[in-house]
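Step one of this worksheet: look at the structure below.
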2 protein chains.
Amino acid sequence: MKRRNTPSKQAVLSVITKAGKAMSQDAIEEEIAIDINRATIYRVLNRFCDDGVLHKVMAEDGKQYFALCETYDTKAATHQHFHFKCTKCDTVECLPNQVNFSIPDGYLVESVNCVLTGVCKNCS
Amino acid sequence: MKRRNTPSKQAVLSVITKAGKAMSQDAIEEEIAIDINRATIYRVLNRFCDDGVLHKVMAEDGKQYFALCETYDTKAATHQHFHFKCTKCDTVECLPNQVNFSIPDGYLVESVNCVLTGVCKNCS
DNA sequence: ATTACTAATGCGATTTATTTGCAATAATTT
DNA sequence: AAATTATTGCAAATAAATCGCATTAGTAAT
Ligand SMILES: [Mn+2]
Ligand SMILES: [Mn+2]
Ligand SMILES: [Zn+2]
Ligand SMILES: [Zn+2]
């Protein structure tokens, strides 16, 4: 299943890149220039996640937010940094802070989902 | 709005207490002895959260899990500890580890949702 | 014990986010 | 240009959680 280059792919990636923050499907659809079907946007996003281009964050509001993978976490395949979701502007951003944790013996951690919710700098 | 003591409340709290872990609505409904409507279970759970008896965790699977508040976090009204969700047994548990983070100036953190996903001790 | 007040419940319908089946389209290779 | 098949659009399906509203049932006052 070789990936193909399509307008949808380009448009979605462009919007997220320009935004410089994590975005939900509906935010992307709003922001995007061309008309792309909802299901297609989700499929594009999930493919990007599979390919290590984006990573997915589940916020407290039960919605998925998608953000660019930085080069450093692409390699390690880990995205163990905090995210911040502002309740005023609904923005979700990746924080530079690494999540560090220690778990009891015998536990295997496969993914990390850490979201801080509150009010961002712009909104306070 | 004074709270009343009902069989539903007692049953829900009893199930969660016995389980000793965080549970989702459907898991509670399965485990519970008496028949309680889905909406009622959610309402009971959310009331318990409002009252500081339970706290709510949003997992990567997009489902809410409810766990008992320990006495120490009841007082501080903060639940800044890690949670672990096992992909094999679907168990969500509160870990003793405190989440510590530092955020840029001007940000106000109101809640913390940190979930590690992987394989638990029992399942590995 | 009876009554009055209203919190809590059951039920169905609704909302919201995300996924899926399938036929049609279009990117890529030959 | 033809063949191959990844990708798309559309509608329908899932799935989690909430909501409106009439009914039930705790609780406290009489
Ligand atoms: Mn917990
Ligand atoms: Mn959902
Ligand atoms: Zn903000
Ligand atoms: Zn397990």
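The chains referred to below are lettered A, B, ... by the order of the sequence lines, with proteins before strands, and numbering in each begins at 1.
- The shortest distance between side-chain heavy atoms of A:Phe101 and A:Gln80 falls below 4.5 Å.
- Helix bend of the helix from C:dA1-D:dT30 to C:dT30-D:dA1: the angle between its two end axes, each built from five pairs, comes to 30° after rounding to 10°.
- Using a 4.0 Å heavy-atom distance criterion, B:Asp35 is classed as a sugar-phosphate-only contact.
- Using a 4.5 Å cut-off on side-chain heavy atoms (C-beta onward), A:Val12 and A:Phe66 make no contact.
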Nucleotide by nucleotide, nucleotides 17-30 of chain D touches protein heavy atoms under 4.0 Å in the pattern (B base, S sugar-phosphate only, - none) BBBB----BBS---
Let me see the working for B:Leu68 and B:Leu13 under side-chain contact (heavy atoms from CB on, under 4.5 Å), right down to the final yes or no. CA-CA 9 Å; B:Leu68 274 179; B:Leu13 195 56; 3.9 Å; yes
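- Scanning residues 9-21 of chain A for heavy-atom distances under 4.0 Å to DNA chain C yields an empty list.
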Using residues 32-46 of chain B as the side-chain source, report each donor-acceptor pair under 3.5 Å to any protein atom, sequence neighbours left out, with the distance given to one decimal.
unit_1, atom_1, unit_2, atom_2, d
B:Asn37, OD1, B:Ala39, N, 2.8
B:Asn46, OD1, B:Lys56, NZ, 3.0
B:Asn46, ND2, B:Tyr42, O, 3.2

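- B:Tyr65 and A:Val57 are members of different hydrophobic clusters when ILVMFWY side chains are connected at heavy-atom separations under 4.5 Å.
- Checked by atom type and distance alone, the side chain of B:Asp61 pairs as donor or acceptor with a backbone atom of B:Lys63 at under 3.5 Å.
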In residues 106-124 of chain B, what donor-acceptor pairs under 3.5 Å come from side-chain atoms, sequence neighbours left out?
unit_1, atom_1, unit_2, atom_2, d
B:Tyr107, OH, A:Glu93, OE1, 3.2
B:Tyr107, OH, A:Glu93, OE2, 3.0
B:Ser111, OG, A:Glu60, OE1, 3.1
B:Ser111, OG, A:Glu60, OE2, 2.8
B:Asn113, OD1, B:Met58, N, 2.9
B:Asn113, ND2, B:Met58, O, 2.8
B:Thr117, OG1, B:Glu60, OE2, 3.4
B:Ser124, OG, A:Gly106, O, 3.0
B:Ser124, OG, B:Cys120, O, 3.4
B:Ser124, OG, B:Lys121, O, 3.4

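- Sorted by residue number, the list of members of residues 86-93 of chain A with any non-hydrogen atom under 4.0 Å from DNA chain D is empty.
- Ring geometry, B:His83 versus B:His55: the interplanar angle falls from 30° to 60°, so the pair is classed tilted.
- A donor-acceptor pair under 3.5 Å is formed between the side chain of A:Asn97 and the backbone N or O of B:Ser102.
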